Asks: 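Take a look at the following structure, please.
All figures in this text were calculated on a predicted structure; none of them were measured in a lab.
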Amino acid sequence: MNLQPDRQLLRSLFILLCFVSLLCSGCAAVQRQPRIAESISSITPDRCEQELSSFLELGSRACWKQEETAATIDFLTRKLESWGYQVIREPLDLPRYPGNANLIAEKVGQSEPNQILEIGAHFDSVGNLGADDNGSGIVGVLETARVLSTLETGRTVRFCLYACEEVGLLGSRHHVEQILAEPDEEFVGLINFEMIGYTDTQEGSQGAPIRIPFLADLPRTGDFILVSGNFSSGWLGNRIEAHFDAYEPQLKYYSANRISGFFADAARSDHSPYWEAGLDAIMLTDTANFRNPHYHEDSDTIETLDFEFMARIIRAVAACAIDWAGLSKAP
């Protein structure tokens, strides 16, 4: 995607945003809790690799191929059910893409069940294996769901596996409609895993849609996770980053959790329909084509991924979700 932004306008917006952010951003430091650390300790690089390998055995997951879609939905349903979840299908009813459905599972809170934090990722690919795009994101959702399945929480964490992201974010658009149709729910926000497995430690390996010194200037080395959010979602990005600091201090991240809404490239995943609806959402990403040369290519395979990096991200997000949900009993 080629963008021709008005650079002067962006500079002005960012300067204004920085001053405002100084007033309203920030999150109190998170103290590492042994109970949570123990709960997330089973999210290891080896386990992430095994889960992704099993998922990739399905082959291509093109949403326009009905048999592949059915096999993927069946696999993910059985996986979630094996941890005790009741899986709800949200059929998309798209004649051009028959059989597609979002999959929804919930860890229902015991004291405040109507307060809901979502963790999501899309499961379709462009017709390749899509190890990073978005098998890595699926592993993020599944591993977080597995860990929370054994816990008792106060608030509800909802796991969303979206269909048809690669053909226009159709699954997440449909799901946002369902959220807006439930006035009794108190939707809090979405954490969207979008490609979380690729790193490159070579200087110059990281690109960017635009660079503005001191304001929006991604590192030149592709060994960090990007925390991407629009202005209203900054509080959630701050919480995630605080849990990165507390639980995975060696993980590098770049914070764009209030400024990404100014860039079209930052809206290319399933958090975007949430932003459009005025709902808070954060995307965690390795920045896709700005780093990963295998983006949308047949070479997007498991051998290219960094599972230590992936496991660190998932552990910290799981810690964030558990902390927000509130443990009501020890694991």
Asks: Decide yes or no for Leu129 and Ser60: does some side-chain heavy atom of the first lie under 4.5 Å from some side-chain heavy atom of the second?
Replies: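 Leu129 vs Ser60: side chains apart.
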
Asks: List the atom of Thr156, the atom of Pro113, and the distance in Å for their closest heavy-atom pair.
Replies: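 Smallest heavy-atom distance, with atoms named: OG1-O, 2.7 Å.
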
Asks: Any side-chain donor-acceptor pair under 3.5 Å between Glu203 and Thr221?
Replies: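 Short answer, yes.
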
Asks: Quick check for you: to the nearest 0.5 Å, what is the distance between Glu194 atom CD and Thr287 atom OG1?
Replies: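 It is 11.0 Å, given to the nearest 0.5 Å.
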
Asks: How many angstroms lie between atom CG of Asp265 and atom OG of Ser228, to the nearest 0.5 angstrom?
Replies: 10.0 Å

Asks: Could you measure the distance from the CZ atom of Arg239 to the OG atom of Ser233? Nearest 0.5 Å is fine.
Replies: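 Rounded to the nearest 0.5 Å, the CZ-OG separation comes out at 14.0 Å.
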
Asks: List, by chain and number, the other hydrophobic cluster members for Ile104, where Ile, Leu, Val, Met, Phe, Trp and Tyr join if side-chain heavy atoms come within less than 4.5 Å, directly or indirectly.
Replies: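 The other cluster members (ILVMFWY side chains, heavy atoms under 4.5 Å, direct or chained) are Ile88.
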
Asks: Report the C-alpha separation of Tyr162 and Leu170 in whole Å, then their side-chain angles, then the decisive distance to 0.1 Å, and conclude whether the side-chain contact (heavy atoms from CB on, under 4.5 Å) test is met.
Replies: CA-CA 8 Å; Tyr162 307 112; Leu170 301 182; over 6 Å; no

Asks: Run the side-chain contact (heavy atoms from CB on, under 4.5 Å) test on Met310 and Val139 for me, step by step, so that the C-alpha distance in whole Å, both residues' side-chain angles and the decisive distance to 0.1 Å come before the verdict.
Replies: CA-CA 9 Å; Met310 187 188 303; Val139 171; 4.2 Å; yes

Asks: Please tell me whether Asn128 and Asp298 have a donor and an acceptor in their side chains that are separated by less than 3.5 angstrom.
Replies: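 Distance-only check fails for Asn128 and Asp298.
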
Asks: Charged N to carboxylate O below 4.0 Å: is that the case for Arg291 and Asp286?
Replies: no

Asks: Are Ile138 and Leu76 close enough that some pair of their side-chain heavy atoms sits under 4.5 Å apart?
Replies: yes

Asks: Do you reckon Met195 sits in the same ILVMFWY cluster as Val141, going by side-chain contacts under 4.5 Å, direct or chained?
Replies: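 No, no single cluster joins them.
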
Asks: State, with a plain yes or no, whether a side-chain heavy atom of Ile179 is found less than 4.5 Å away from one of Leu279.
Replies: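 Answer yes - side chains close enough.
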
Asks: Distance under 6.0 Å and angle within 45° of the ring axis: does Arg96 meet both against Trp64?
Replies: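 No, Arg96 and Trp64 do not form such a contact.
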
Asks: Go through the steps for Asp270 and Asn192 under the test side-chain hydrogen bond (donor to acceptor under 3.5 Å, both in side chains), then give the verdict.
Replies: CA-CA 7 Å; Asp270 290 305; Asn192 177 38; 5.2 Å; no

Asks: Between the side chains of Arg89 and Asn100, does any donor sit under 3.5 Å from an acceptor?
Replies: no

Asks: If every non-hydrogen atom of Gly222 is compared with every non-hydrogen atom of Gln206, which pair is closest and at what distance?
Replies: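 For Gly222 and Gln206, the tightest heavy-atom pair comes out as CA-OE1, 3.5 Å.
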
Asks: Once you round to the nearest 0.5 Å, how far does OG of Ser136 lie from CD1 of Ile196?
Replies: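 Between Ser136 OG and Ile196 CD1, I get 5.0 Å after rounding to 0.5 Å.
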
Asks: Hydrophobic cluster membership, with links at side-chain heavy-atom distances under 4.5 Å among I/L/V/M/F/W/Y: are Phe307 and Leu284 in one?
Replies: yes

Asks: Contact between Asn230 and Ser260 at the side-chain level, heavy atoms closer than 4.5 Å - yes or no?
Replies: no

Asks: Taking it one step at a time, do Ser299 and Glu297 satisfy side-chain hydrogen bond (donor to acceptor under 3.5 Å, both in side chains)?
Replies: CA-CA 5 Å; Ser299 56; Glu297 300 290 342; 5.5 Å; no

Asks: Does any part of the side chain of Ile116, heavy atoms only, come nearer than 4.5 Å to the side chain of Glu186, both counted from C-beta?
Replies: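 The answer is no; the side chains never approach within 4.5 Å.
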
Asks: Do Ile119 and Val30 sit in the same hydrophobic cluster, where Ile, Leu, Val, Met, Phe, Trp and Tyr count as joined when their side-chain heavy atoms come under 4.5 Å apart?
Replies: yes

Asks: Which atom names give the shortest non-hydrogen contact between Trp235 and Val188, and what distance separates them?
Replies: CH2-CG1, 3.3 Å

Asks: Indicate whether the side chain of Glu241 and that of Asn257 have a donor and an acceptor atom separated by less than 3.5 Å.
Replies: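 Distance-only check passes for Glu241 and Asn257.
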
Asks: Evaluate the side-chain contact (heavy atoms from CB on, under 4.5 Å) criterion for residues Phe187 and Leu117: first the C-alpha distance (whole Å), next the side-chain angles of each, then the deciding distance (0.1 Å), finally the verdict.
Replies: CA-CA 7 Å; Phe187 174 83; Leu117 174 69; over 6 Å; no

Asks: For the pair Ser172 and Glu165, evaluate side-chain hydrogen bond (donor to acceptor under 3.5 Å, both in side chains) and give the outcome as yes or no after the intermediate values.
Replies: CA-CA 7 Å; Ser172 52; Glu165 188 267 358; over 6 Å; no

Asks: Is any side-chain heavy atom of Pro209 closer than 4.5 Å to a side-chain heavy atom of Phe290?
Replies: yes

Asks: Will you find, in the side chains of Asn102 and His174, an N or O donor that is under 3.5 Å from an N or O acceptor?
Replies: no

Asks: May I ask you to test the Asp124-Asn134 pair for a side-chain heavy-atom distance under 4.5 Å?
Replies: no

Asks: Go through the steps to decide whether Tyr247 and Ile36 satisfy the test side-chain contact (heavy atoms from CB on, under 4.5 Å), and finish with yes or no.
Replies: CA-CA 9 Å; Tyr247 290 90; Ile36 295 179; 3.6 Å; yes

Asks: Checking side chain to side chain contact (heavy atoms under 4.5 Å, CB included) between Ile240 and each of Asp245, Ile191, Ile225, which is the one that passes?
Replies: Ile191

Asks: Verify the ring-centre separation between Phe244 and Tyr253: is it less than 6.0 angstrom?
Replies: yes

Asks: For Asp223, check salt bridge (Lys or Arg N to Asp or Glu O under 4.0 Å) against everything at least two apart and list the hits.
Replies: Lys252

Asks: Is it true that Glu68 and Arg61 make a salt bridge, defined as a side-chain N closer than 4.0 Å to a carboxylate O?
Replies: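 No.
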
Asks: Applying salt bridge (Lys or Arg N to Asp or Glu O under 4.0 Å) between Arg315 and each of Glu308, Glu38, Glu143, report the one that passes.
Replies: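 In the set Glu308, Glu38, Glu143, the residue that makes a salt bridge (Lys or Arg N to Asp or Glu O under 4.0 Å) with Arg315 is Glu308.
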
Asks: Assign the ring pair Trp275 / His271 to parallel, tilted or perpendicular, where the plane angle (0 to 90°) is split at 30° and 60°.
Replies: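 If you compare the ring of Trp275 with that of His271, the planes turn out perpendicular.
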
Asks: Scan side-chain atoms only and decide if His296 and Glu166 contain a donor-acceptor pair under the 3.5 Å cut-off.
Replies: yes

Asks: When you check the side-chain N and O atoms of Gln66 and Tyr97, is any donor under 3.5 Å from an acceptor?
Replies: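 There is no such pair between these side chains.
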
Asks: Is Arg146 salt-bridged to Glu51, cutoff N-O under 4.0 Å?
Replies: no

Asks: Between Ser39 and Ile322, what is the shortest heavy-atom contact and its length?
Replies: CB-CD1, 4.2 Å

Asks: Atom CG of Leu226 and atom OG of Ser255: how far apart are they, to the nearest 0.5 Å?
Replies: 8.5 Å

Asks: Mind listing the closest non-hydrogen atom pair of Cys164 and Leu92 along with its distance?
Replies: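 So the two residues come closest at SG-CD1, 3.9 Å.
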
Asks: With ring centroids as reference points, do Tyr295 and Tyr198 lie under 6.0 angstrom apart?
Replies: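 Between Tyr295 and Tyr198, the centre distance exceeds or equals 6.0 Å.
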
Asks: Between Glu276 and Arg173, does any NZ, NE, NH1 or NH2 come within less than 4.0 Å of an OD or OE carboxylate oxygen?
Replies: yes

Asks: Step by step, would you call Glu185 with Arg158 a salt bridge (Lys or Arg N to Asp or Glu O under 4.0 Å)?
Replies: CA-CA 12 Å; Glu185 291 184 353; Arg158 176 185 289 155; 2.8 Å; yes

Asks: Any heavy-atom pair between the side chains of Asn238 and Arg258 that's under 4.5 Å?
Replies: yes

Asks: Aromatic rings Phe159 and Tyr85: how do their planes relate, parallel, tilted or perpendicular, breaks at 30° and 60°?
Replies: perpendicular

Asks: Which atom pair, heavy atoms only, marks the closest approach of Gln110 to Val108?
Replies: NE2-O, 3.3 Å

Asks: Is it the case that His122 and Asp133 place a side-chain donor and acceptor less than 3.5 Å from each other?
Replies: yes

Asks: Side chains of His175 and Glu90: any donor to acceptor distance under 3.5 Å?
Replies: yes

Asks: In the single-linkage hydrophobic clustering (I, L, V, M, F, W, Y; side-chain heavy atoms under 4.5 Å), do Val126 and Phe55 co-cluster?
Replies: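 No, separate clusters.
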
Asks: Roughly how far apart are Phe75 CZ and Leu103 CG, rounded to 0.5 Å?
Replies: 12.0 Å

